[in-house]
Peer 1: 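The structure that follows is given in the form of C-alpha cells.
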Amino acid sequence: MDFDLSNEHELIRDTVRAFARERVAPVAEELDRESRFPYELVAEMAELGLLGIPFPEEYGGGGGDTVSYAIAIEELTRVDSSVAITVAAHTSLGTMPIFLFGTEEQRQEWLPQLASGERLAAFGLTEPGAGSDAGATRTTAELRDRQWVVNGSKIFITNAGTDVTACVAITARTGEEEISNLIVPNGTPGYEISAPMKKLGWRASDTRALSFVDCAVPEGNILGERGKGFRQFLEILDGGRISVAAMGVGLAQGAYDLAFAYAREREQFGRPIASFQAIQFKLADMATEIEAGRALVYKSAWLKDQGRPFAREAAMAKLFTGELSHRVVNWALQIHGGYGYMDESTVSRLYRDQKILEIGEGTNEVQRMVIARHLGL
Ligand SMILES: Cc1cc2nc3c(=O)[nH]c(=O)nc-3n(C[C@H](O)[C@H](O)[C@H](O)COP(=O)(O)OP(=O)(O)OC[C@H]3O[C@@H](n4cnc5c(N)ncnc54)[C@H](O)[C@@H]3O)c2cc1C
C-alpha cells in the first residue's frame with residue numbers, strides 16, 4: 001500500500017494551493033458579501049486548466065485523474081466554497097454527462113468549450129416536487145417534428161445563469177415510465193432562468209430556478225439512449241459525491257487552519273488559549289477527523305481511477321465529510337469566541353458555507369439510504 005501522492009498530485013496540490021492563497025483569499029470575503037459571481041477567477045482557473053481536470057486532452061481537458069481533481073477541489077474549498085462549487089458543479093455535473101454519455105458529435109460540439117473553461121455547464125435534476133426523490137421528475141419532453149419540446153421546471157441549479165454558461169443537462173420524462181437526458185443550450189426560446197437565489201452560504205456561486213415553456217431543442221440533443229436518463233444521472237451523482245466529499249475535507253481543513261492560528265495568538269487568563277487542554281483536545285479531534293475524511297475521499301477517488309466500483313465509498317465519503325465538516329467548523333467558531341460570530345471573521349463565512357454539504361447531491365439521509373442498499377439491506 002502506498003499512501004504517498006505522486007509527483008503529479010503534489011504539483012496540482014501546490015498549484016491550486018498557491019492560486020487559492022494568492023488570488024482567491026484576498027477577494028473571498030468581498031465576493032460573499034456582495035453575492036457576486038467570480039468571473040475573473042473563473043477566467044484565471046480556465047487558464048490554469050482547472051475547469052476540465054478529468055477530461056482527456058483531445059477534448060481540451062487536463063487529462064488528470066479523479067485523485068487530482070479531488071485534491072484541486074479540496075484546496076479551493078479550504079479558502080472559498082463558492083469558487084470550489086462553481087468548478088465542481090461545472091466539471092462533475094454539467095460537463096461529465098456529455099463526456100460519459102454523449103455521441104462523438106456531441107462531445108466535439110460541447111467539450112472543447114466546456115473542458116477548457118471558456119464556457120460553463122449546469123446540471124438540472126432537482127425540481128420543486130422532486131428533490132431526494134429525484135425519479136419523481138415532472139418535466140416532460142415530447143418529440144414533435146424532430147424536436148424535443150420541453151415543459152416544466154427545475155430548482156436550485158448551480159451555474160445555470162452566468163454570462164458564460166453554455167447549457168444545462170436536464171432530466172425529463174420522454175414517456176410514461178421513461179426518463180431521458182437532454183442538453184438545453186442557454187438562450188433557447190422558452191427556456192427562462194430566474195434571478196440568482198439568495199442563500200445562507202455559497203453566496204458567490206450562481207443558483208437559479210429554471211422554467212421551460214414549449215422549449216424546443218433538436219432531436220439530437222438527447223444524451224445517451226432514450227429512457228436511460230435516470231440511471232445515467234445516478235451514475236453522475238456517484239462521481240459528483242467524491243467532489244462534494246473533497247469539499248467537506250477542504251472546508252474542515254480551512255476551519256482548522258483558522259482555529260489553530262487563532263488559538264495560538266489569542267490570550268486569556270494571561271496565556272494563549274492554545275495552552276488550555278480543552279482547546280488542545282478540540283484541535284486534536286479536528287485534525288483526527290480531517291485525516292480520516294481525507295483518507296475516505298482519496299480512496300473513493302482512487303477506486304474510480306482504477307475503474308473499480310466506487311459508489312459505496314463515495315457515499316460514505318460524502319456522508320462522513322459532510323458531518324465531520326459540521327463538527328469541525330462548529331468547534332473552529334467556538335475557539336474564535338465572539339470574534340468568530342462577527343460577519344467580518346472568515347470562520348463565520350465557512351460556518352455558513354458548511355451546511356449545504358449535508359444537503360446537496362443527496363442529503364445525509366439519502367447517503368445512508370445508498371450505503372444501506374450497498375450493504376444489501
Ligand atoms: C445551493 C444549492 C445548490 C444546488 N445545486 C443543484 C444543482 O446544480 N443541480 C441539481 O439538480 N440540484 C441542485 N441542488 C438541489 C439539491 O441536490 C437538493 O436540494 C437535495 O437533493 C435535497 O432535495 P430537497 O431540497 O428537495 O429536499 P427534500 O428531498 O424535500 O428533503 C427534505 C428532508 O427530508 C429528508 N428525506 C427525504 N426523503 C427521505 C427519506 N426517504 N427518508 C428519510 N429522510 C428523507 C431529506 O433528507 C431532508 O432532510 C442544489 C441545492 C442547493 C441548496
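Indexing begins at 1, ligand by ligand and atom by atom, following the structure's order.
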Peer 1: Tell me whether Met369 reaches ligand 1 (any heavy atom closer than 4.0 angstrom to a ligand atom).
Peer 2: yes
Peer 1: Just grab all the side chain to side chain donor-acceptor pair (under 3.5 Å) pairs involving residues 61-72, residues at least two apart or on different chains.
Peer 2: His9-Asp65, Asp65-Ser68, Thr66-Asp305, Tyr69-Ser92
Peer 1: Below 4.0 Å from ligand 1: does a non-hydrogen atom of Ile157 turn up there or not?
Peer 2: yes
Peer 1: Do the side chains of Leu76 and Met45 get nearer than 4.5 Å, heavy atoms only?
Peer 2: yes
Peer 1: Are the side chains of Pro185 and Val217 in contact, using a 4.5 Å heavy-atom criterion?
Peer 2: yes
Peer 1: Only heavy atoms count here, so choose which of Ser132, Ser82, Gly362 is nearest to atom 31 (O) of ligand 1.
Peer 2: Ser132
Peer 1: Indicate whether the side chain of Tyr298 and that of Glu74 have a donor and an acceptor atom separated by less than 3.5 Å.
Peer 2: yes
Peer 1: Check whether any protein heavy atom sits under 4.0 Å from atom 34 (O) of ligand 1.
Peer 2: no
Peer 1: Near Phe281 CZ, under 6.0 Å, is it more than 12 heavy atoms from other residues, nucleotides or ligands?
Peer 2: no
Peer 1: Looking at atom 37 (C) of ligand 1, would you say a protein heavy atom lies below 4.0 Å from it?
Peer 2: yes
Peer 1: Geometry only, no angles: is Asp133 polar-contacting ligand 1 at N/O separations under 3.5 Å?
Peer 2: no
Peer 1: Measure the distance from atom 8 (O) of ligand 1 to every protein heavy atom, then report the residue, atom name and distance (to 0.1 Å) of the closest one.
Peer 2: Thr158 N, 3.0 Å
Peer 1: In the protein, which heavy atom is nearest to atom 20 (C) of ligand 1, and how far is it?
Peer 2: Ile359 O, 3.5 Å
Peer 1: Heavy-atom contacts with Glu361 under 4.0 Å: which atoms of ligand 1 show up? List them by number with element.
Peer 2: 17 (O)
Peer 1: Quick test of your reading of the structure: of Thr126, Asp206, Ile236, Ile356, whose heavy atom lies closest to atom 15 (C) of ligand 1?
Peer 2: Thr126
Peer 1: Relative to atom 47 (O) of ligand 1, which among Thr363, Leu93, Ile155 owns the nearest non-hydrogen atom?
Peer 2: Thr363
Peer 1: Show the atom names and distances, to 0.1 Å, of all donor-acceptor pairs under 3.5 Å that link a side chain in residues 340-350 to residues at least two apart or in another chain.
Peer 2:
from   : atom 1 : to     : atom 2 : distance (Å)
Ser345 : OG     : Gly340 : O      : 2.9
Ser345 : OG     : Met342 : O      : 3.1
Ser345 : OG     : Ser348 : N      : 3.3
Ser348 : OG     : Met342 : O      : 3.1
Ser348 : OG     : Ser345 : O      : 2.8
Arg349 : NH1    : Val79  : O      : 3.1

Peer 1: Distance to 0.1 Å, residue and atom name: give those for the protein heavy atom nearest to atom 13 (C) of ligand 1.
Peer 2: Phe156 O, 3.1 Å
Peer 1: Any donor-acceptor pair under 3.5 Å linking the side chain of Arg373 with the backbone of Gly376?
Peer 2: no
Peer 1: For atom 49 (O) of ligand 1, which of Gln367, Glu365, Arg203 has the closest heavy atom?
Peer 2: Glu365
Peer 1: Angle between ring planes, Phe123 versus Phe233, binned at 30° and 60°: parallel, tilted or perpendicular?
Peer 2: parallel
Peer 1: What protein heavy atom is closest to atom 9 (N) of ligand 1, reported as residue, atom name and distance in Å?
Peer 2: Phe123 O, 2.8 Å
Peer 1: How far is atom 26 (O) of ligand 1 from its nearest protein heavy atom, and which residue and atom name does that atom have?
Peer 2: Gly131 CA, 3.2 Å
Peer 1: Verify, without hydrogens or angle tests, whether Lys355 (side chain) and His326 (backbone) share a donor-acceptor contact under 3.5 angstrom.
Peer 2: no
Peer 1: So does Arg23 have more than 12 non-hydrogen atoms from other groups sitting under 6.0 Å from CZ?
Peer 2: no
Peer 1: N/O to N/O below 3.5 Å, does that happen between Gly124 and ligand 1?
Peer 2: no
